[in-house]
Each structure stands twice: as structure tokens, then as C-alpha cells.
Q: 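Take this structure first; my questions come after.
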Amino acid sequence: MKTELLDSSPHSIGRACAILESQKIVALPTETVYGLAGNAFDEASVRKIFSAKSRPYFDPLIVHISLKVLSDPAGVLHALIRDGILAPSLAASSDRSNFEALVKAFWPGPLTLVVPRGPLIPDVVTGGHPTVAIRMPSHEVFQSVLGLLSFPLAAPSANRFGRISPTTAEHVRAELDGRIAAIVDGGPCGIGVESTIIRLEEGGIRLLRPGGVSSAEIASITGSVPRTQQRLHSSAPEAPGMLDEHYAPRKPLFLIPEPIDSHPDLRELLRELGDSSRLGLLLHAPVRSSFDVSSFKSHRILSGSGDGAEAARNLFSFMRELDEDPFVDVILADLPENHFEGMFAAIADRLQRASRNKPLGQSVKKL
Ligand code: TXA
Ligand code: MG
């Protein structure tokens, strides 16, 4: 199939809507990453998403909803129940107050909530699970499309399954050209890593994926820090969202969970990784010590000032560039000392997943 490349003019938005209404799928920009969208109420549309991405059916999708519900006189919760997206049981459950407080604080924006699903969400969206992941993106283009449609949009990131998420229309083209009906170009994504996913359960909260909203921000609204969940090493339908290997470049990526210049055995480590001239460095900030970055042909610095938001915005782009660099065989990434909060928690999560299951050298093992 020929993939149409659309700009974000009103005419193109109308065209994207017509394509979606005819059960085809379109890549759209969100504030986090580009999503591959299809009618969330329509099984045939959703199946096309899985097949374009080569995504296994046990990995469920996020349903994106219009900001029109924020001004619904019924209130967001009741509007979503009425529209068949959420289960009526949520209204009477102990999770209701957290749901309403989190929606008020973070929607539209990069927070996805996993809650009991309503009758109009087909099994294919949720992998047959009784829950659905929903979010309200803040991106103007995505919202313009939703505003013209009568259904919500299921949308995973617009990459082949397991690959690096796209943050520009060009990245989407590289991944999915010829496999989807259209791509709407809305420029580079402002946040650059995917939404935070949390599951509401028995009045508490479990963090399934760190992202654009930090645990501290969530705690400031709900009064407690989300619990975390161990990731799994294989497909496990009972715990969607927890797949271990993801966001991976094609080349091996090794991660040092600290600044590269504070690693005690750096020389030994570099020797084990092979020919240094073939090593691509993905650094969270400029190095402070005498460690000479310029001797590495290919290096990228996520943020000149060590800023988490800027680093997140650059992460997938730079990872992709090093992956495509013909002079690079192996990628070595580092992290700041304190990478458990804010955007660096999301960056650390993506780098850890990208580095998983690669052959580990001896000194790398010691890390
Ligand atoms: O920022 C984002 O969230 C982007 C943009 C496009 O909105 N979307 C995105 O979708 O990252 P995707 O499919 O790449 O990741 C969604 C994750 C999956 O790992 C999936 O397993 C999890 O959400 N998920 C979906 N439904 C779930 C459910 N019912 N329970 C637990 N996890 C779920
Ligand atoms: Mg994804």
C-alpha cells in the first residue's frame, strides 16, 4: 500500500479522519511519541494496527480519548462509562477518587490509567483482559483528529514491535512506510518518551511504566508513591505492559547505571567492549573528568546541562542515529547518579530495556 504523507493543516486533518472512518490506520503525533491510530471500537481497524507493527495480540493497546469529555456535564467518569469505554463498577469502587483526582491533575497529558473496561472496547484492544488502558493526549493535532471523530483511537507507538519508538514523522516512515495508510507530520514530539502507565487497584496505585509524569508528581496528588512491579522476561498475558525487552536498537547496547567518568574500571570495560573506535557513546550529560569523548567517532550527549526533559526529548532520536551510524558496532550509554526520579527514571527504564539480553562482558557483569 502507498503511505500518504500529510501535513497538519485542517485539510489534512480532515483527510486523516476520513481514512480512520474507513477502517484504515494512520500515524499521528502525540506529545510523547508518534502513535499508530485506529478506531478503538472496531475490531478490523485494531487488527490492522497489530499486523502493521507485527505486534503479538497479547500486548494490549492504549485507548486515546478526546478532551471533549472534560467539559461533559456528566463529568469525565460518567461520560466515559456512558460512552462504553469504562466499566460502571468504577463509579462505586475505592479507585474512583484516585481516578478523578489524577484526571483533574494530569489530563490532557502523558498519564495512562489502567481501569476496568466498558462494553464497547473489543477484546482485541485489551488482549482479553478485564481492564483497559486509557489516556487523553494533549497534542493539538491528535486532539483535532479526535474532535472530529465519533470514536476513541487505539494507538500504540508507531514502530515495529520491540523497536525504538518514533519521535518524528521521518522515524515513522522508516518503520512503517508501505504498511499503513497515512502519516500526519506534526513535527518532533515535545516529551520524547511514552506516557507513564499506572494501574488503579483497591484504592492503591501500581506503576507499570515510568514516563512523562513522575512518581513524585503522582504522589503529590494521591498521597502515596505508586508501588512498582517486577518486569517479566517473556510473554506473560496476565501482566501486560511488563515485557522486558523493548525499545531496542539493532546493535548491542550496554548501560552503565552511573556517569561514565565515575566508573571505576572504565579502561577495562572499554577494552572488553572491543575496538573503541567502533563504539558509539550515548551520554546523559557532558563528561566532567579528563575522559576524552572526542576520541570516539560517534557520540551523542542527551543534554548539555544534564536536564532530564531535554535528555528525554533526544533519547530515541539519538539512539536511532547511533543505531544507523555505519561506523558504530556497539552502543555504550550512561546515566546520572540519581536516576530514580523525574524524567531520568523513564530514561533509565528505556535504556535498561534496550540493553537487555545482550551478551555481557566480564567487567560489564560487575556493574
Ligand atoms: O505515550 C504513549 O503512551 C504512547 C502514545 C502513542 O500515546 N503509546 C504507547 O503505546 O506507548 P504502546 O502500545 O507502545 O505501549 C502501551 C503499553 C503496552 O506495553 C501495553 O502492554 C500496556 O501499555 N497496556 C495496554 N493496556 C494495558 C492493560 N489493560 N493493562 C496493563 N498494561 C496495558
Ligand atoms: Mg511501544
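Each ligand, and each atom within it, is numbered from 1 in the order the structure gives.
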Q: Could you list which atoms of ligand 1 come closer than 4.0 Å to a heavy atom of Ser195?
A: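 Once the distances to Ser195 are compared, the set is 1 (O), 2 (C), 3 (O).
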Q: Answer yes or no for Arg117: is there a heavy-atom contact with ligand 1 below 4.0 Å?
A: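 Checking ligand 1 against Arg117, which is what was asked, there is no heavy-atom contact under 4.0 Å.
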Q: Can you find an N or O of Ser157 that's nearer than 3.5 Å to an N or O of ligand 1?
A: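 N/O-N/O distance below 3.5 Å exists for this pair.
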Q: With a heavy-atom distance limit of 4.0 Å, tell me whether Thr32 approaches ligand 1 through its side chain, its backbone, both, or neither.
A: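 It is the side chain that gets close, since no backbone atom is under 4.0 Å.
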Q: Would a line drawn from the ring center of Phe41 to the ring center of Phe151 be shorter than 6.0 Å?
A: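 For Phe41 and Phe151, the ring centres are not under 6.0 Å apart.
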Q: Based purely on interatomic distance, does Glu194 place a nitrogen or oxygen under 3.5 Å from a nitrogen or oxygen of ligand 1?
A: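 No, Glu194 has no N/O under 3.5 Å of an N/O on ligand 1.
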Q: Taking 4.0 Å as the limit for heavy-atom contacts, which would you say applies to Arg199 with ligand 1: side chain only, backbone only, both, or neither?
A: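 Answer for Arg199: neither.
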Q: Mark up the atoms of ligand 1 that fall under 4.0 Å of a heavy atom belonging to Gly35, in ascending order.
A: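 Heavy-atom distances to Gly35 below 4.0 Å select 6 (C).
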Q: Examine the side chains of Asn39 and Gln23 and answer whether a donor and an acceptor come within less than 3.5 Å of each other.
A: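 No.
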Q: Report yes if Arg135 has an N/O atom closer than 3.5 Å to an N/O atom of ligand 1; otherwise report no.
A: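 Yes, Arg135 has an N/O under 3.5 Å of an N/O on ligand 1.
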Q: Using a 4.0 Å cutoff against the non-hydrogen atoms of Leu208, which atoms of ligand 1 qualify?
A: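 Those qualifying, in numeric order: 31 (C), 32 (N).
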Q: Quick one: do Ser305 and Asp307 satisfy side-chain hydrogen bond (donor to acceptor under 3.5 Å, both in side chains)? Show the steps, please.
A: CA-CA 5 Å; Ser305 61; Asp307 174 60; 5.4 Å; no
Q: Tell me which one of Pro60, Pro166, Ala27, Ala154 gets a heavy atom nearest to atom 33 (C) of ligand 1.
A: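 Answer by nearest heavy atom: Pro60.
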Q: Would you kindly say whether Arg135 and Thr30 are connected by a side-chain donor-acceptor distance under 3.5 Å?
A: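 Arg135 vs Thr30: donor-acceptor pair found between side chains.
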Q: Examine all N, O or S atoms of Ser157, backbone included, and report whether one is under 2.8 Å from the Mg ion (ligand 2).
A: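 Here the distance criterion (N, O or S atom, under 2.8 Å) is met by Ser157, so yes.
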Q: Please determine, by modelled atom types, if Thr112 and Ser195 share a side-chain donor-acceptor pair under 3.5 angstrom.
A: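 A donor-acceptor contact under 3.5 Å links the two side chains.
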Q: In terms of side-chain heavy atoms, does Glu217 have a donor or acceptor partner in Ser214 at a distance below 3.5 Å?
A: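 Checked: Glu217/Ser214 side chains pair up, N/O donor to acceptor below 3.5 Å.
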Q: Could you list which atoms of ligand 1 come closer than 4.0 Å to a heavy atom of Val114?
A: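 Those atoms are 28 (C), 29 (N), 30 (N), 31 (C).
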Q: Counting only heavy atoms closer than 4.0 Å, does ligand 1 sit against the backbone of His129, its side chain, both, or neither?
A: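 The answer is neither.
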Q: Applying ring-ring contact (aromatic ring centres under 6.0 Å, His included), which residue pairs with at least one partner in residues 59-105 are found, sequence neighbours left out?
A: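 Every ring-ring contact (aromatic ring centres under 6.0 Å, His included) pair that includes a residue of residues 59-105, provided the two are not neighbours, is His64-Phe142.
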Q: Determine whether the side chains of Arg163 and Ser54 contain a donor N or O and an acceptor N or O closer than 3.5 Å.
A: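 Short answer, no.
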Q: Counting heavy atoms only, name the option from Glu31, His64, Lys53, Arg55 that's nearest to atom 7 (O) of ligand 1.
A: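 Shortest heavy-atom distance from atom 7 (O) of ligand 1: His64.
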Q: One residue to check: Thr126. Relative to ligand 1, which of side chain, backbone, both or neither has a non-hydrogen atom less than 4.0 Å away?
A: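 Neither part.
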Q: Against heavy atoms of Asp59, which atoms of ligand 1 measure under 4.0 Å?
A: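 Near Asp59, the atoms of ligand 1 are 18 (C), 19 (O), 20 (C), 21 (O).
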Q: Taking the cut-offs as 6.0 angstrom to the six-membered ring centre and 45 degrees off its axis, would you call Arg313 and Phe318 a cation-pi pair?
A: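 No, Arg313 does not sit over the ring of Phe318.
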Q: Do Ser165 and Glu194 have side-chain atoms, one donor and one acceptor, less than 3.5 Å apart?
A: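 Yes.
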